[in-house]
Asker: 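Just dropping this structure here.
Note that the structure is predicted; figures quoted are calculated from it, not measured. What you see below is based on every heavy atom in this structure, not just the backbone, and it leaves out hydrogens, waters and symmetry mates.
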Amino acid sequence: MKTLQLQGVQTLRFLSACVLLGMWLGLSTAWAQERGGVLRIGMTAADIPFTGGIPDQGFEGYRFIGYPLYDALINWDLSQGERLSDLMPGLAESWEVRADDPTKWIFKLRRGVKFHDGTEFNADAVLWNWDKVRTKDAPQYDVRQAGFVTPRITVMQSWRKLDDYTVEFTTTRPSSFVPYQVIYVLYTSPTQWEKVGRDWRAFANNPVGTGPFKLTRLVPRERAELEPNQDYWDKKRIPKADKVILLPTPEPTTRQAALRNGQVDWIEVPPPDAIPSLRQAGFQIVLRSYPHNWAYSLNLRKAPWDNKLVRQAANYAIDRVGLCKSLLSDTCIPELGVVYPAHPWFGNPKQRYEYDPAKAKELLRQAGYDGKEKRVKSSMLISTSGSGQMLPLAMNEFVQENLREVGIDLELVPIEWNVMIQRFLQGFQHADNANLGGINISLHFIEPHGALMRRFHSAYTPPKSTNIMLYANPEVDRLLEAAEASFDAQAQDRFLAQAHEIIVDDAPWVFIVHDLNPRAMSQKVKGFVQAQSWFQDLTPVWVEK
């Protein structure tokens, strides 16, 4: 009897285990079925960003092509959205500045990383890729990619191999900003470049990087198709979707219609006035602040913007609150400086540019303009779409009317976004731009080198970098240099805040708004976490089938 009872218990346990195993297998199968799908994204760009390494199309290029296909030595951590994105190890496991020589940085490379073609990533590949963008007599030098990235890597002087997995970089001077420069250099396969005939256009049609996605199809101005790199070195970031399709859709209402009609699953920058109805129709609306400027960079070498009173007047003329509420349905916040007031670099500027048309008119009167017979006249180069440009045509017309009311007549000159970037990099001393009053281009403050040093230090004018305004203030130069030389975060923030106070008062920009990075998505899109960044991680995103 005991034997029969024992057998019965064992049988019951076996059957229970089978039931549990079946339930687990069922759940696992269901879980597996929930992952995958095809994610179709309507971009704001008019064309697919350059796929051969360093992308064009601004940070939208890095967001959808650069960082998905490639890695940098240091990557952005885009895994959360509760605070600003920070740096994390990428193709380098660690990096440090030498204590005995702060112009030397040592990068320890990650072992076991393979390019998409199966070849090994190592120190030789690092040197080859830096020569690609900085060494003009190197066979692989590409003037196009160099043009995109050179203004971002201004202090990087030389690089050498210490061993197969260690590289030493030398800078022109001690600089705490080095990590914020190497993030923009992306690594392409030397073997693939040789295989396609040493031709960067051919490489762009069949690119090979180390990133979490591979390019499987490219139709210029129409689409790019990305598929998971199942051998990606970071197993936690192997993409969940079966495929990502990028579709250039520069016109906002066309993007909205494509989402409503089910032609895409995700759109960048939905028309703000359509957001309530999209939300009511069940679409996901995602908003989050990020380090973004929508401003006018002014030509300070010619009238009227060579006069600080006129620049300050223009800043007091802008109804930023009205722009965000009436035109953009609260998808932006007023911009009172390069960074927002809660930021550690904001400081305490003397000028607080609230909407004050009377004060704007008084400043113009002091500058010699009466608003009637003698009015300020200028022009502004603007884009029709583009990365971070929000709704450029409608927004510029709103600002144009604000300025007109106080006595500033502004001619708007619209051009295509990628052409705008090329004109911006030329600066106002270039013949193509010399007669312009300014350029409306969206910029960032994700890191100190790009936010303040490259924009406002007098030595960083084009072609070296992007102080296109030709702004020069010796005290700002001194403070920015002090911040760069400091490896103490609190001291660095203090120097940057002091510099920012002066910049705001000098008003080399007309500060307008900070974007809130709106996106609209189908309810089928799962797993997306919107980072406080210009860049977003596509690897955890999948589409419910």
Asker: Evaluate whether atom NZ of Lys524 has more than 12 neighbouring non-hydrogen atoms of other residues, nucleotides or ligands under 6.0 angstrom away.
Answerer: no

Asker: Suppose we screen for side chain to side chain contact (heavy atoms under 4.5 Å, CB included). Which residues come up paired with Pro508, at least two apart in sequence or across chains?
Answerer: Leu300, Phe456, Met469, Tyr471, Ile503, Asp506

Asker: Side chain to side chain donor-acceptor pair (under 3.5 Å) with Gln389: which residues, sequence neighbours excluded?
Answerer: Ser383, Ser442

Asker: May I ask you to decide if Pro344's main-chain N or O and Asp493's side chain share a donor-acceptor pair within less than 3.5 Å?
Answerer: no

Asker: When you check the side-chain N and O atoms of Asp71 and Asn75, is any donor under 3.5 Å from an acceptor?
Answerer: yes

Asker: Can you list every pair that meets salt bridge (charged side-chain N to carboxylate O under 4.0 Å, His left out) and has a residue in residues 258-284, with sequence neighbours left out?
Answerer: Arg40-Asp265, Arg63-Glu268, Glu268-Arg519

Asker: Does Arg201, at its CZ atom, have more than 12 non-hydrogen atoms belonging to other residues, nucleotides or ligands within less than 6.0 Å?
Answerer: no

Asker: Counting N and O atoms only, with roles assigned by atom type, does the side chain of Lys308 sit under 3.5 Å from a partner on the main chain of Trp305, one being a donor and the other an acceptor?
Answerer: no

Asker: Search all heavy atoms of Asn433 against all heavy atoms of Gly427 and return the closest pair with its distance.
Answerer: ND2-O, 3.0 Å

Asker: By the definition salt bridge (Lys or Arg N to Asp or Glu O under 4.0 Å), identify the one residue from Lys372, Lys374, Lys377 that meets it with Asp409.
Answerer: Lys377

Asker: Are the side chain of Glu335 and the backbone of Trp294 linked by a donor-acceptor contact shorter than 3.5 Å?
Answerer: yes

Asker: Scan side-chain atoms only and decide if Gln422 and Gln426 contain a donor-acceptor pair under the 3.5 Å cut-off.
Answerer: no

Asker: Could you verify whether a donor N or O on one side chain and an acceptor N or O on the other, from Ser465 and His457, lie under 3.5 Å apart?
Answerer: no

Asker: Side chain to side chain contact (heavy atoms under 4.5 Å, CB included) with Thr150: which residues, sequence neighbours excluded?
Answerer: Arg134, Ala146

Asker: We want to know whether Ser176 and Glu484 form a side-chain donor-acceptor pair, criterion being a heavy-atom distance below 3.5 angstrom.
Answerer: no

Asker: For Glu354 and Tyr316, indicate whether the former's side chain and the latter's backbone hold a donor-acceptor pair under 3.5 Å.
Answerer: no

Asker: So, for Pro212 and Pro68, which heavy atoms are closest and what is the spacing to 0.1 Å?
Answerer: CD-O, 3.1 Å

Asker: Just wondering, are more than 12 heavy atoms of other shown residues or ligands nearer than 6.0 Å to CD in Gln280?
Answerer: no

Asker: Any side-chain to backbone donor/acceptor pair from Glu60 onto Thr44? Under 3.5 Å, distance only.
Answerer: yes

Asker: If you define the side chain from C-beta out and look only at heavy atoms, does anything of Leu69 sit under 4.5 Å from Leu186?
Answerer: no

Asker: Holding to side chain to side chain contact (heavy atoms under 4.5 Å, CB included), I want the full list of residues that pass it with Arg217, two or more places apart in sequence or in another chain.
Answerer: Val219, Arg223, Glu225

Asker: Examine distances only and state if a side-chain atom of Ser379 and a backbone atom of Gly437 form a donor-acceptor pair shorter than 3.5 Å.
Answerer: yes

Asker: Is the Phe445-His292 ring centre distance short of 6.0 angstrom?
Answerer: no

Asker: Would you confirm whether the ring centroid of His343 sits within less than 6.0 angstrom of the ring centroid of Phe346?
Answerer: no

Asker: For the pair Asp515 and Tyr290, evaluate side-chain hydrogen bond (donor to acceptor under 3.5 Å, both in side chains) and give the outcome as yes or no after the intermediate values.
Answerer: CA-CA 7 Å; Asp515 188 20; Tyr290 73 120; 3.2 Å; yes

Asker: Has Asn315 got a side-chain atom pairing as donor or acceptor with Arg311's backbone, closer than 3.5 angstrom?
Answerer: yes

Asker: To the nearest 0.5 Å, how far apart are CG in Asp537 and CD in Gln530?
Answerer: 12.5 Å

Asker: Is it the case that the side chain of Asp47 and the backbone of Arg221 share a donor-acceptor pair, with hydrogens and angles ignored and the cut-off at 3.5 Å?
Answerer: yes

Asker: I need the Lys361 NZ to Ile408 CD1 distance, nearest 0.5 Å.
Answerer: 11.5 Å

Asker: For Thr466 and Arg454, does a side-chain donor sit closer than 3.5 Å to a side-chain acceptor?
Answerer: yes

Asker: Supply the atom-to-atom distance Leu496 CG to Trp345 CH2, rounded to the nearest 0.5 angstrom.
Answerer: 6.0 Å

Asker: Between Asn517 and Gln536, what is the shortest heavy-atom contact and its length?
Answerer: ND2-NE2, 3.7 Å

Asker: Any chance you could lay out the side-chain contact (heavy atoms from CB on, under 4.5 Å) test for Leu391 and Leu327, step after step, and finish with the verdict?
Answerer: CA-CA 9 Å; Leu391 295 184; Leu327 184 63; 5.7 Å; no

Asker: CD1/Ile441 to CE/Met420 distance, rounded to the nearest 0.5 angstrom?
Answerer: 6.0 Å

Asker: Where do Val406 and Leu364 come nearest, in terms of heavy atoms and distance?
Answerer: O-CD1, 3.3 Å

Asker: Please work out whether the ring planes of Trp534 and Phe59 are parallel, tilted or perpendicular, with thresholds of 30° and 60°.
Answerer: perpendicular

Asker: Verify whether one side chain among Thr384 and Glu416 offers a donor that lies under 3.5 Å from an acceptor in the other.
Answerer: no

Asker: Would you indicate whether Lys464, at its atom NZ, is surrounded by more than 12 heavy atoms from other residues, nucleotides or ligands within a distance under 6.0 Å?
Answerer: yes

Asker: For the backbone of Asp370 and the side chain of Arg365, can you confirm whether one donor and one acceptor N or O come within less than 3.5 Å of each other?
Answerer: no

Asker: Begin with the C-alpha distance, continue with both residues' side-chain angles, and end with the deciding distance and a verdict on salt bridge (Lys or Arg N to Asp or Glu O under 4.0 Å) for Glu475 and Arg478.
Answerer: CA-CA 5 Å; Glu475 182 62 9; Arg478 184 190 70 79; 2.7 Å; yes

Asker: Mind running side-chain hydrogen bond (donor to acceptor under 3.5 Å, both in side chains) on Thr253 and Glu251 for me, showing each step along the way?
Answerer: CA-CA 6 Å; Thr253 57; Glu251 209 283 312; 2.2 Å; yes

Asker: For a salt bridge (Lys or Arg N to Asp or Glu O under 4.0 Å) check, start with the C-alpha distance between Arg144 and Asp56, then their side-chain angles and the critical distance, and finish with the verdict.
Answerer: CA-CA 9 Å; Arg144 180 177 186 177; Asp56 59 0; 3.1 Å; yes

Asker: Are Arg152 and Tyr184 in a cation-pi contact, defined as NZ or CZ under 6.0 Å from the six-membered ring centre and within 45° of the axis?
Answerer: yes

Asker: What closest approach, in Å, do Pro334 and Cys324 show between heavy atoms, and which atom pair accounts for it?
Answerer: N-SG, 4.1 Å

Asker: What heavy-atom pair brings Leu443 and Ser297 nearest, and what distance separates the two atoms?
Answerer: CD1-OG, 4.2 Å

Asker: For a side-chain contact (heavy atoms from CB on, under 4.5 Å) check, start with the C-alpha distance between Val338 and His500, then their side-chain angles and the critical distance, and finish with the verdict.
Answerer: CA-CA 8 Å; Val338 180; His500 184 258; 3.6 Å; yes

Asker: Would you kindly say whether Tyr62 and Gln57 are connected by a side-chain donor-acceptor distance under 3.5 Å?
Answerer: no

Asker: Start with the C-alpha distance between His449 and Thr154, add both sets of side-chain angles, then the distance that settles side-chain hydrogen bond (donor to acceptor under 3.5 Å, both in side chains), and finish with yes or no.
Answerer: CA-CA 9 Å; His449 182 253; Thr154 54; 2.9 Å; yes

Asker: Distance from Thr249 atom OG1 to Met43 atom CE, nearest 0.5 Å?
Answerer: 8.5 Å

Asker: Side chain to side chain contact (heavy atoms under 4.5 Å, CB included) with Glu501: which residues, sequence neighbours excluded?
Answerer: Asn348, Pro349

Asker: So Trp76 and Asp86, side-chain contact (heavy atoms from CB on, under 4.5 Å) or not? Walk me through it.
Answerer: CA-CA 6 Å; Trp76 288 105; Asp86 204 350; 5.6 Å; no

